Amino acid sequence: MLENSFWKNNKTLIIANTILIILLWIIGVLYNIDGEFLFYEIGFVFLLGVVICVLNHRKIIRTIQNSWQPTAEDTDEKWEELREKEDFFALWAHQIKTPIAALRLLLQSEEIDAADCRQELFRIESYVEVALNYLRFEEMSGDLLLENCQLESMVKQVVKKYSTIFIHQHLSVELENLDGSILTDEKWFCFVLEQILSNALKYTKKGGVKIFARELSDAREIVIRDTGMGIRGEDLPRVFEKGYTGYNGRIDKKASGLGLYLCKGVCEKLGHKISIQSQENKGTDVIITIYQDELKNSDLTKM
């Protein structure tokens, strides 16, 4: 029974990965992309999908095997974990359909806009990264490498990744007071920055984004400030809840409520604090507070 459940456990992932590979092949043919490059690109996506499916399948089987004779409390906890994962990927599949549909429409146009196609393809790749990091999130404590990282270098790395979107949307970006280092995990901290910046770009139509740091008596705050539509007061207390999109998400119809949920979870495991200040129609500040003197390597074993 367990051996025959691979398709059931990974149905959504397999379908999404197949669609992505087909789209990459179509784009490669339309844009006459070098065959070898296209082969490696599709191969990477295929292998990534296989790895995610195998890890997910093994996790589910291990959970079921370990719960063969559990207590009632343990059973509820393990099945709740499985339901949470199922809900996540159902939500993720719904989210990734939007750029896939947009890309399909763009490719059906008489005059194909390469820039718009690249934007949608970038969104698809971003959603795949979110899914992969969600799977890693459960084992995050064993994957952390806590060290002094150059703040400006990490911020510039993330901004560069989104540079085409800044240009495409005619938005400015300003970096200020980012010198020095912070005690964190570079990979996971950059993931948090990417999710915050992605949200800022999604809801900012004019103006731009400013990223800066400010010193407190016992900590350092990194602020990502945008000039977007802002967040309603009644939505602010719930923005970090899983699946909560708020008024802006319902209007935009592209939000899934996954990004900020993962950001909060990652920051908690890193020992950082994340908060949001916003006014409707005036913009949003996302603030990451890093207490460098309090976070030690030994703390990670307790998380």
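All figures in this text were calculated on a predicted structure; none of them were measured in a lab. Start at 1 with the first residue, then count along the sequence.
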Spacing of [atom1] belonging to [X] relative to [atom2] belonging to [Y], to within rounding of 0.5 Å:
X      : Y      : atom1 : atom2 : answer
Ile211 : Ile222 : CD1   : CD1   : 10.5 Å
Thr184 : Ile290 : OG1   : CD1   : 5.5 Å
Phe240 : Glu268 : CZ    : CD    : 9.5 Å
Arg225 : Gln277 : CZ    : CD    : 8.5 Å
Ile167 : Gln169 : CD1   : CD    : 11.5 Å

For [X], salt bridge (Lys or Arg N to Asp or Glu O under 4.0 Å) partners two or more places apart:
X      : answer
Glu215 : Arg220
Arg214 : Glu221
Asp116 : none
Lys97  : none

The side-chain hydrogen bond (donor to acceptor under 3.5 Å, both in side chains) partners of Asn177 (sequence neighbours excluded) come to none
Any salt bridge (Lys or Arg N to Asp or Glu O under 4.0 Å) pairs touching residues 152-162, not counting sequence neighbours? Glu129-Lys161, Glu152-Lys156, Lys161-Glu194
The criterion is side-chain contact (heavy atoms from CB on, under 4.5 Å); which residues satisfy it with [X], sequence neighbours excluded?
X      : result
Thr18  : Ile14, Ile22
Glu111 : none
Asn199 : Lys202, Leu260

Closest approach of [X] to [Y] (non-hydrogen atoms, all atoms of both residues):
X      : Y      : result
Gln195 : Cys263 : CB-SG, 3.4 Å
Leu107 : Cys117 : CD2-SG, 4.1 Å
Leu178 : Leu151 : O-CB, 3.6 Å
Ile274 : Cys267 : CB-SG, 4.0 Å
Ser198 : Tyr162 : CB-OH, 3.8 Å
Val286 : Ile196 : CG1-CD1, 3.5 Å

Within the distance-only criterion (no hydrogens, no angle test), does the side chain of [X] pair as donor or acceptor with the backbone N or O of [Y] below 3.5 angstrom?
X      : Y      : answer
Glu186 : Cys149 : no
Asp226 : Gly283 : no
Thr284 : Ala200 : no

Verdict with reasoning, Val192 to His272, per side chain to side chain contact (heavy atoms under 4.5 Å, CB included): CA-CA 11 Å; Val192 171; His272 306 335; over 6 Å; no
Among residues at least two apart in sequence or on other chains, which ones pass ring pair (Phe, Tyr, Trp, His ring centres under 6.0 Å) with Phe166? none
Suppose clustering is done on Ile, Leu, Val, Met, Phe, Trp and Tyr with side-chain heavy atoms closer than 4.5 Å. Which residues sit in the same group as Phe212? Val223, Ile287
Test question: given the 4.5 Å side-chain rule for I, L, V, M, F, W and Y, name all other residues clustered with Leu106, or answer none. none
Determine, stepwise, if the pair Leu171 / Val209 fulfils side chain to side chain contact (heavy atoms under 4.5 Å, CB included). CA-CA 8 Å; Leu171 298 175; Val209 177; 5.7 Å; no
For a side chain to side chain contact (heavy atoms under 4.5 Å, CB included) check, start with the C-alpha distance between Ile288 and Leu193, then their side-chain angles and the critical distance, and finish with the verdict. CA-CA 9 Å; Ile288 304 173; Leu193 286 179; 4.2 Å; yes
